[in-house]
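Everything quoted here is computed from the prediction, not taken from an experiment. Each chain gets a letter, A, B and so on, in the order the sequences are listed, and its residues count up from 1.
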Amino acid sequence: MAVLERLWRSLAARARPTGGVMPPTRKSQTRDLGIHTPPLPARVTLLLEDGRDQPWREVQPIVRPGQYVRAGEPVARAVGHLALPVHASISGHVSALCMHDESAPDGQHRPAVVIDADGASQHQWLPALDWQAALPDEIIQRIADAGIAGMGGGGFPAHLKIRAARQASIDTLVVNAAECEPYLSVDDQTLRRYADRVLSGAAMVARATGAAAIVIGIEDDKPEAASAVRDRLGELPCPARLEVIPTRYPSGGERQLIERLLGRRLSTGQLPVDAGVLCHNPGTLAAIHDAVALGKPMIERTLTLAGRALDRPGNVSARLGTTIEHLLIDAGLDRARLSRVIEGGPMMGQAISSLSQPITQTTNGLIAATETELPPPPRARPCIRCGDCQPACPAGLAPQQLWWHAQAGEDQKAEANGLFDCIECGACDYVCPSHLPLASGFGEAKQRLRTARAESARADQARHRFEARQAREQREAAEREARRQARRQAAARRGQQRDATSGSKETSAAAPDVRGLRIAQAAAKAAARKAEKALERAAQQQESADVLADLETQLSIAREHLAAADARLKTARQEETRS
Amino acid sequence: MSHLHRHTNADGTDRGHDSATLMRRVTLACLPGLLAQSWFFGLGVVTNVITAAACCLLIEAMMLAARRRPVSPTIADGSALLTGVLLGAALPAGTSLWLILIGSLAAVAVAKHLYGVLGQNLFNPAMVGYALLLVSFPTQMSLWPAPSGLFGPDAVEPSTWLARWLGQHPPAALDALSGATPLDAFRHRNADADAALLLAPGAMEAWQSVALAWLGGGLYLLHRRLIDWRLPLSMLVSMALLAWLFELLSASGGVGFHLLGGAAIFGAFFIVTDPVSAASGRRARLVYGAGIGALTMIIRAYGGYPDAVAFAVLLMNLAAPLLDQLVPDRPPRQPAAMVSSDDD
Amino acid sequence: MTHSDARDIAIKGLWSNNPALVQLLGLCPLLAVTGSVVNGLGLGLATLGVMLGASASASVLRHQVRPEVRLPAFVLIIAAFVTCVELAMAALAYELYQVLGIFLPLIVTNCAILARVEAFASRQPLAPALFDALMNGLGFALVLVLIGAIRELLGQGTLFAGMELLLGDPASDWTLYLPGDGGMLFLVLPPGAFLVTGLLIAAKNAIDDAVKRRRPAPTKTPGDERRVRVTGVVR
């Protein structure tokens, strides 16, 4: 039976197509135009996360309005455990600590550091680091100090990923140069021009994590970038290979890329580090190289400006905090032709509401599209169960099933059918003949599930706190009883005649069950030890603060129970000796 | 939310492959088969189709109004029209108005609207209507006229035609009008020594030509990728297999006979391929089509009705959701671990 | 039993708690024998007779029967009355008895009777129990006759055909014939019964909705909400 199962699975694996779709790539607008540096803006706005919605990303400004800062100087420090320090991207005076933003949900001021340029290009880098001699932890610390986040659109702090990879002892570093989204050609240009910086950054990360091999994955529509990388592969200190994969969207999805390059399949909820792999974007690696070798913190990034509403599209290297408007105007924006601006790629990107928003570390592209270039889709019709979405899904899901479940509010069933494997790539949206907003529907369902889970965790924590209080009261009652018992014994010993005359006032209750209480006490001790171990393990895995607090509460409950059991046992023993 | 869509034109309108255009194109692909049927069996076919289409559209509009839903966008998606055309094509030529009305009621009001909007009907609406009529009016539904051509006895006298359309024909004339279909002959294969004698002259060729015309329409649908090739292929292959087997066992019928006689081709390309009532996974569709083919052959050989496509389709419609679960495209999912709270 | 109680029982038994259309009990005979009016009427009358007898007996004996064995006891009572009715029908309307076949003895298993006996008759004195049985039985019988009429009319093209089986020879010329040659065979078959029953239930619901819409909405009096804890309100 098991043999048949294995045979079936191998046949199915061979027959399993890779999913994905082939949208028009539209990269010819920008791919061969090099990287242009626009003039420095007059003002930059560096957005800060204030921690109201996401306290783990909170940063606090460390400058005051009016203060003069140089480019590269830190202006905000990380507070939350997933936060990154922010550095001034140009030199000048700090003019305000908030940004006026009409699209902000409550109030119109978002925390930010606004710097007015002074024209002089003063900068302040960190000292250069000899990475080949430095300890891996020093490299990781430098990456953290430079405030580098994943630049492929994810925005997760790079140093945390690298540290987790080091702890998991990964063996392979994957450079994700697939760049499968249409329009974007940032990675293409970066590799063509700066392959040395990218590969050097890869070597640094390999050293920091202990990875033994490097694999670079690139799509076959970037032959110049591929040959630029191939020429330099020998310079890497560890075995490295270049894999050219067929152009298909979304070949650059982390899980799909790892499966294609290394043949390792991640199950739901697993991270790449669990499979011994760390993935990084070429831009991130180039920034890591700059931070370590030059001491340059995260102050600028390369991004693609595309779309037919621009006269001079191309790739630019822009300072963080530059407004979108500044960049688009420099690229020759024709507002008459402009229909909308998409941040990111056309498949997963978001339409932005205001051109005065600044670019951030995660902005990898801006598409200034005309009406006919990216037309808004017609009204969604009912699903006709055509099944086209199933072969398109790169994660092997059945979007149709998930859609019906999500629409019916059966989020649990959607989860059981693999909702959390969905990478929201939008390939199913692309092929749907009824123009259903599938990917956003799945995102909403995931959000509902996460919120429900967070609420039930909070309810559990509240319950644990209540139980702790109850346990404490029980322990106090048991200890009071033990003390009373001891006093009674002492009084009985002192006045035995009085007891004899007045008769046995103390009616002997049933014989105390000492054995049962002893068992209960042993069980309580075991429970307390288990709670201690759980807390230790969680602290090692660096769980979030409220998880640790909850485990501490549970530990205190176990300890109170143990103390109460001790007291009761003591009382019973005293009664036993008395009778 | 993807901003690029395969099925959106530059001006924001639907491109060819969206659901409304799909219905329109499938309706157009019915033309060769309908023309052939009219050629051989008279204008009764035309009146069937027009009446059925009109009834279906009318009933759809009334149901939408009764359910307080917007009428014109839903009518415009062409599915009621297609149901009417398919129902009209399946009925014997010159069926009376009342029967068509009842059939359309069953197809549109019961099988489609009582189950929800488009996309939620469990059963194929045209087949529900046809099966209901077949069970309710067995005599009228076996009144297939002998192939007498486009200008045969039915069409020459308009008064006769009108009377038939209104359902007023004296019962005695029924026998004179009806001819046995090749499948009737197959059903009586064990009783009569030479079943071919029962057929009117030219009936076999007429039916085969009609089937080939429907095949033409079906091939057009395949070429334009408007239908999934797995459905007609699996149905016809399983039918062929069983037909060959039955020929071995009882020396009548045969692969060509069964595939070209009756509604096999029509069903394979126009009925089985309805995406809403069919299974949706690719592998499940192969099993679904094969099941329909097998059931059709079995009912034809051993069941109480000469042509069984409608019943086979309805039975497999019931099984379609289960097939999607039991025959998934990809291997079953691995158990979910802890959900990661921070997506990269 | 007051006048308003009686009115309540009557409305419930005939309409708002109709055994066939609302409680959906006794569907087996409902769907199987309602092919014509005479069948429906025959079975309806038989069920009515059994219901009256069983309810009366259960009500009279309600203090004697121990609660633990009440259900088997009621089934025994019902079976006794069904046997009587069956024998009576065999004696008085033999052809109809043959047509109804097994559905006469199956009245014992008709949940409508057992449910009324258990829920009402065994807890009420004789008069209300009898009246309730009468109303429920009439409600059931009326639905049987209605479905039988629809199915016979549209399915066979006749109405009141075969009434002489139940009501004697003078009833043989009550039969009406629709013009045309027969009706929809589908309605005479079981699926047609399901469809007609479903449409009747839909019609009843539609009538109820229309009546409710025409009546003004009842106003909520203050104090309708019970406060259970200071933090919540139970509605």
Side-chain angles (χ1 to χ4, degrees), chain A residues 8-9 12-13 16 21 23-24 82 150 154 156 161 182 254 267-271 342 346-349 351 369 371-379 381-387 390-391 396 398 400-401 415-418 420-421 426-427 429-435 437 439-440 449-450 453, chain B residues 1-23 73-74 77 79 116-121 225-228 230 274-285 320 324-325 328-344:
Chain A
W8 172 252
R9 237 189 288 262
R16 186 193 322 141
V21 291
L82 287 187
F156 197 75
K161 260 176 93 166
E254 217 173 42
S267 61
T268 315
Q270 267 193 331
L271 295 172
I342 312 278
M347 303 293 285
M348 289 179 76
E371 182 84 32
T372 56
E373 191 176 6
L374 289 182
R379 211 168 48 105
R381 287 189 222 258
C383 167
I384 59 168
R385 297 167 46 82
C386 67
Q390 238 155 301
Q400 197 191 113
Q401 297 275 43
E415 187 180 352
N417 277 309
F420 279 99
D421 279 347
D429 276 3
Y430 177 72
V431 297
C432 180
S434 298
H435 309 285
S440 38
L449 281 169
R450 282 194 205 107
R453 211 155 293 172
Chain B
M1 176 69 194
S2 163
H3 298 281
L4 268 179
H5 283 265
R6 186 194 272 170
H7 301 301
T8 308
N9 279 323
D11 57 358
T13 54
D14 284 320
R15 193 174 288 173
H17 207 97
D18 67 292
S19 43
T21 318
L22 176 75
M23 300 286 169
T74 320
D77 73 14
S79 58
V117 294
L118 174 67
Q120 292 178 330
N121 41 290
R225 315 191 74 190
L226 295 169
I227 56 175
D228 189 348
R230 295 177 181 85
D274 169 34
V276 181
S277 51
S280 49
R282 281 165 294 168
R283 259 182 227 152
R285 278 180 176 174
D324 276 331
Q325 297 241 345
D329 278 354
R330 324 253 176 154
R333 314 218 53 80
Q334 287 152 332
M338 265 284 289
V339 168
S340 63
S341 55
D342 254 2
D343 287 334
D344 202 52

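Residues B:Val276 and A:Arg385 approach most closely at O-NE, 3.0 Å, considering heavy atoms. A:Asp429 approaches B:Ser2 most closely through the heavy-atom pair OD2-N, 2.9 Å. The minimum heavy-atom distance linking A:Cys386 with B:Pro275 is given by the pair CA-CB, 4.0 Å.
With values rounded to the nearest 0.5 angstrom, A:Met348 atom CE is found 13.5 Å from B:Leu4 atom CG. Rounding to the nearest 0.5 Å places CZ of B:Arg283 at 11.0 Å from CD of A:Gln390. Atoms NE2 and CG, from B:His3 and A:Leu374 in turn, are 8.0 Å apart once rounded to the nearest 0.5 Å.
For the set A:Ala439, A:Cys432, A:Gly387, the count of heavy-atom pairs under 4.5 angstrom toward chain B peaks at A:Cys432. Options A:Gly349, A:Ala398, A:Ala369 differ in how many heavy-atom pairs under 4.5 Å they form with chain B, and the most are formed by A:Gly349.
B:Leu22 is not listed as a side-chain neighbour of A:Pro433, based on a closest heavy-atom distance of 4.5 Å or more.
Only the side chain of A:Pro23 comes within contact range of chain B, with heavy atoms under 4.5 Å apart.
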